[in-house]
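Worksheet: the structure to be examined is printed underneath.
On a predicted model such as this, the values are computed, not experimentally measured, just so you know. Per chain, numbering begins at 1; letters A, B, ... match sequence-line order.
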Number of protein chains: 2
Amino acid sequence: MAKIPLPAPRRMLTLRDVSEASGVSEMTVSRVLRNRGDVSGGTRERVLEAARALGYVPNKIAGALASQRVNLVAVIIPSLSNMVFPEVMTGISDTLEDTGLQPVVGVTNYSPEREESVLYEMLSWRPSGVIIAGLEHTPAARAMLQNAGIPIVEIMDIDGTPVDAAVGISHRRAGRQMAEAIIAAGYRRIGFLGTMMPHDHRARKRLAGFEEALAEAGLALEDREFYSGGSALLKGREMTEAMLARSPDLDFLYYSNDMIGAGGLLSCLSKGIAVPGRLGLAGFNGVELLDGLPCRLATMDACRLDIGQIAAEIIAGKRAHQGLGEVVELMPKLQPGDTIRG
Amino acid sequence: MAKIPLPAPRRMLTLRDVSEASGVSEMTVSRVLRNRGDVSGGTRERVLEAARALGYVPNKIAGALASQRVNLVAVIIPSLSNMVFPEVMTGISDTLEDTGLQPVVGVTNYSPEREESVLYEMLSWRPSGVIIAGLEHTPAARAMLQNAGIPIVEIMDIDGTPVDAAVGISHRRAGRQMAEAIIAAGYRRIGFLGTMMPHDHRARKRLAGFEEALAEAGLALEDREFYSGGSALLKGREMTEAMLARSPDLDFLYYSNDMIGAGGLLSCLSKGIAVPGRLGLAGFNGVELLDGLPCRLATMDACRLDIGQIAAEIIAGKRAHQGLGEVVELMPKLQPGDTIRG
DNA sequence: CTGGTGTATGTTACCGCTAACAGCACCATG
DNA sequence: CATGGTGCTGTTAGCGGTAACATACACCAG
C-alpha cells in the first residue's frame, strides 16, 4: 500500500491532483472514477485510495461539458406546499433512482412568467429531460420546450395539446364524474368552494366539467365562493360557514381541493350538521391527511404517484415506443367516503 | 432592422450561432447576454434580436466552467412531505430571489448514507454554498463540508458543533420549555407520542430536553409510544386511543409533532374527553394546519421561515461579519392554544 | 500633429474533464 | 515468424463559454 501524502486543500482539487498522487495519467483516473473502460485492479485500487485520501470530488461541470451529457432532469411545478407535488416528486425520484438521472426541482408559484424564467434557467443547464406541470405555458416557454431537443413530459393534466408527451388525468372529466355521482345520489342544490388563482388551470377545468354535467342534468350551481392564500383548512371552515349562512338551502358542497373540504367537514361536524344526510360534501385529490379525519371526505384520487412514476419512465426511456405526442391518461377513482349518501 | 434567418435548430445553439447571425464576435454576444462590459446600443439590439429569434439559451455549464462561478446553492433536507421543509424552502427562495443565486434541493429521507451521497452529488456541481439540515452527518459528509471551501450553513438545530455556521433553535431547550409549561399548569402524569425514526435527531433532542425537565421536577414519563410511516393524522388518532386505553390515568400527552398531535386532538374531541381539563395536549412546530382545527393545539413555533431566511442571507454574504462558527439561535415561542389549562 | 483617454470590439488562452485514437506489451494462432 | 487480437495506459483535441489582454477608432487638449 503506497503512502499518499495528505496536503491541506487550498484550491479545488482536480483530476490532476489525483493523477499525481497516484502516479497515473488523468485519463486513467477518470476511467477509474467513472468505472468505464479497462483498468487493472492494482491501478484502480491506488487511484481510489488516492481520491479518497485527498477527498476529491469530481467536477461534473467540466465532465458534462466534455461529454455533452448531463444526468439532470428538470422538474417544474407550481408549489411545494400543496401536498400534491411532493407526492409526484416521490414518484419521480423513486423511478429515477436507478437510472443515474437526478431530478432538480423548480417552483413557479403558479405564475406563468416565473415558469418561463425557471424553465429558461433550467434549460441553461442542459438537462436530459423536462417534467413540467400543466399544459398551459407562455408562448416563449412553449417555444423553448419545443426547441430543447430533449424529452418533455407535461404532467397532471391531459385536457389540451402537449408539446411532446403528457401524463395525467382529465380534470374536466373528473369534474363531470363527481357531478354525476352527486346528482345520482339525489343532491340538487349544489354550491362550489374553490381557489381563486387564475392560473390554477386544473381547478378551473374541474369546475368547468362539473358545471357541464350539472347543466346536462338541468341543474346549475346555486352558490360559489373563492379564496386565495391562508390556511386552507381554516379557509374551508370559514367559507363553508359563510356559504351556509347565505344559502341555507344547499344540500351539497363541492370543494376544489381536499384541504378546504376537510375544513368544511370539520365545521359541519362541530355544528352538528347531518353529513351526508342533510348536506353532502366532496373534495378532490385523495390526500393522505383525510384518513385521519373523524369521517372520510368523498374525494377523487389524482393518481399522483403514478403520474410521477410514468413521467420519469418516459424521460428515462424506459417506456415502449414513446412516439412524440404520447398521451397517457390515468383514470382517477371516485372515493365516496362517508360524505355522499349511499 | 436586419433580417435574421430562422433555421430549424438541429444541434444545440451556441454563442457562435448568435454571433454569426448578428455579425459580431462571440465575446460581444457574451457581453450583451450577461450585461457586462461596454457594448454600443445598436450592437446590443442586434444581438438580443438575433438571440431571441434563434431561441438561444446560454449554456451555463460552459459558462460556469470558464468563469469558475456557479450561481447554485445546495439545500439538503430530510423530506418534502413534512410541511416544515417547504416552509424553510420558501424562506430560502425568497431571500435568494434577488441575489442571482438559485437553490437546488436534495432530499435525504432521513438517511445519513443518502445524505452523504446527495451531498457528494451536489458538491460535484460546485455550488456557491450549502444549506443542510441538522448537525449530525457521517464523517465523510463532514469532511466534504469542511473541505468544500464554500459557506456551509447547518439549519434547524443548534445543539451540537457546526462545521461552519448554524441557524436554528435548541430542540433540547424547546423540549424543556414545554415540560416546564406543562408542569406549571399542574399536569403530572405525562405520556409521550412520537416518531421512531432513529435519525430524526431533533425529535430525539426535544424528548431528551423534555425528560430532563420532568426529572428535575421529580417526574418521569408514564408512558410512551412510537410510530413510523403512514398518515401522521391517523397515526396520532390511533396511538392516542391505544395509549389512553393502556394508561387511562394520564393527564397530558406530548406529541413529537403537530400532525400526530392534531390527530390526537381530533380523537379526544370526538370521544368527548375534556380538553384541557381532564387531559392536556401539546405538539411541536406551529403548522398552519392547526389554525383550521376546532380547537387550537398547544405548540411551539420552530421559526422555520426565519431559519430559511437567515441561512440564505449568510450564504449570500448579506450578513455582517459571518466569522466561521457563527451560530444563530432563534427562540421558539410557546403557543399555549386551547389545550393546556390556563 | 501628437498623445492621452475612452469606448467598442476582437484575440488568445484557458476552465476540468472526456471521446477518440494511438501506443505498447503480451499472448495465441496458423 | 508474421499476424492479429486483447488489455492497459497515455496523448491530443476539443466541449462552449469567459477573463484578461490587445486592438481599433474617435475625440479632444496641448
Side-chain angles (χ1 to χ4, degrees), chain A residues 9-48 50-51 54-71 100 121 123-128 148-149, chain B residues 9-48 50-51 54 56-72 100 121 123-128 148-149:
Chain A
R10 195 65 292 169
R11 64 168 167 51
M12 265 297 121
L13 296 166
T14 72
L15 272 190
R16 155 154 255 113
D17 295 294
V18 182
S19 95
E20 279 168 3
S22 53
V24 296
S25 71
E26 300 175 38
M27 196 57 225
T28 300
V29 176
S30 169
R31 279 194 269 254
V32 170
L33 296 177
R34 285 178 304 147
N35 244 325
R36 200 154 307 229
D38 303 310
V39 181
S40 72
T43 311
R44 155 166 275 105
E45 290 293 301
R46 252 180 322 130
V47 168
L48 286 175
L54 292 170
Y56 173 70
V57 177
N59 185 332
K60 288 223 175 167
I61 297 182
L65 183 61
S67 68
Q68 304 279 52
R69 267 187 272 98
V70 182
N71 68 336
E121 179 78 14
L123 286 181
S124 75
W125 289 99
R126 300 290 187 265
S128 300
Chain B
R10 197 63 294 171
R11 63 165 172 51
M12 265 297 122
L13 295 167
T14 72
L15 270 190
R16 156 153 255 115
D17 296 292
V18 182
S19 95
E20 280 169 2
S22 53
V24 296
S25 72
E26 301 175 37
M27 197 58 226
T28 300
V29 176
S30 170
R31 281 194 267 253
V32 170
L33 296 178
R34 285 178 303 146
N35 245 324
R36 202 154 304 231
D38 303 310
V39 181
S40 73
T43 311
R44 154 167 275 107
E45 290 292 303
R46 253 182 321 133
V47 168
L48 286 175
L54 292 170
Y56 173 70
V57 177
N59 185 332
K60 287 224 174 164
I61 297 182
L65 182 61
S67 67
Q68 304 280 55
R69 266 186 272 100
V70 183
N71 69 335
L72 302 176
E121 180 78 15
L123 286 181
S124 75
W125 288 99
R126 300 288 186 266
S128 300

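The distance from atom CZ of B/Arg16 to atom P of D/dC15 is 10 Å, rounded to the nearest whole Å. Atom pair A/Arg11:CZ and C/dG16:C1' shows a separation of 11 Å (rounding to whole Å applied). Between the CG atom of A/Asp17 and the C1' atom of C/dC17 there is a distance of 13 Å, given to the nearest Å. One atom, CG of B/Asn35, and another, P of D/dT18, lie 12 Å apart when rounded to the nearest Å. Atom CG of B/Leu15 and atom C1' of C/dG10 are 14 Å apart (whole Å). The interatomic distance linking A/Leu13 (CG) with C/dC15 (P) rounds to 15 Å, in whole Å. Distance CZ (B/Arg46) to C1' (C/dA8): 12 Å, rounded to an integer number of Å. The distance from atom CD of B/Glu26 to atom P of D/dG14 is 14 Å, rounded to the nearest whole Å.
With values rounded to the nearest 0.5 angstrom, B/Arg36 atom CZ is found 8.5 Å from B/Ser67 atom OG.
Of the listed nucleotides (C/dC17, D/dC8, C/dT9), D/dC8 has the atom at the smallest distance from the side chain of A/Ser40. Distances were taken from every side-chain heavy atom of B/Asp38 (C-beta onward) to each of C/dA8, D/dG7, D/dG10; the shortest belongs to C/dA8. Residue B/Arg34 has its side chain nearest to D/dT18 when only D/dT18, C/dG16, C/dA19 are considered.
Under 4.0 angstrom from either OP1 or OP2 of D/dC8 there lies no side-chain N or O belonging to A/Thr28. Note on A/Tyr56: a side-chain N or O is less than 4.0 Å away from OP1 or OP2 of C/dC17. Phosphate proximity of D/dC15 to B/Thr14: absent, as no side-chain N or O sits under 4.0 Å from OP1 or OP2.
The two residues B/Thr43 and B/Val24 come nearest to each other via the heavy atoms CG2-CG1, 3.7 Å. Nearest heavy-atom pair across A/Ser19 and A/Val29 is CA-CG2, 3.6 Å. Closest of all the heavy-atom pairs between A/Ala62 and B/Leu65 is CB-CD1, 3.8 Å. B/Leu33 and B/Tyr56 make their closest contact through CD1-CE2, 3.4 Å (heavy atoms, listed as atom of the first residue, atom of the second, distance). A pairwise comparison of heavy atoms in B/Asp17 and B/Leu54 identifies O-CD1, 3.9 Å as the closest pair. Looking at every heavy atom in both residues, B/Val39 comes nearest to B/Arg31 through CG2-CB, 3.9 Å.
For residues 60-70 of chain B, proximity to DNA chain C is found at B/Leu65, B/Ala66, B/Gln68, defined as any non-hydrogen atom under 4.0 angstrom from a strand atom.
Within the 3.5 Å criterion, the main-chain N or O of A/Val57 finds no donor-acceptor partner in the side chain of B/Ser124.
For the pair B/Thr14 and B/Asn59, the minimum side-chain heavy-atom distance is 4.5 Å or more.
Evaluated for a side-chain hydrogen bond (donor to acceptor under 3.5 Å, both in side chains) with B/Arg44, the options B/Asp38, B/Asn35, B/Thr28 yield exactly one hit, B/Asn35.
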Pairs under 3.5 Å (N/O, protein and nucleotides 20-24 of chain D):
none

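A/Asn59 comes within 4.0 angstrom of the backbone, heavy atoms only, and of no base.
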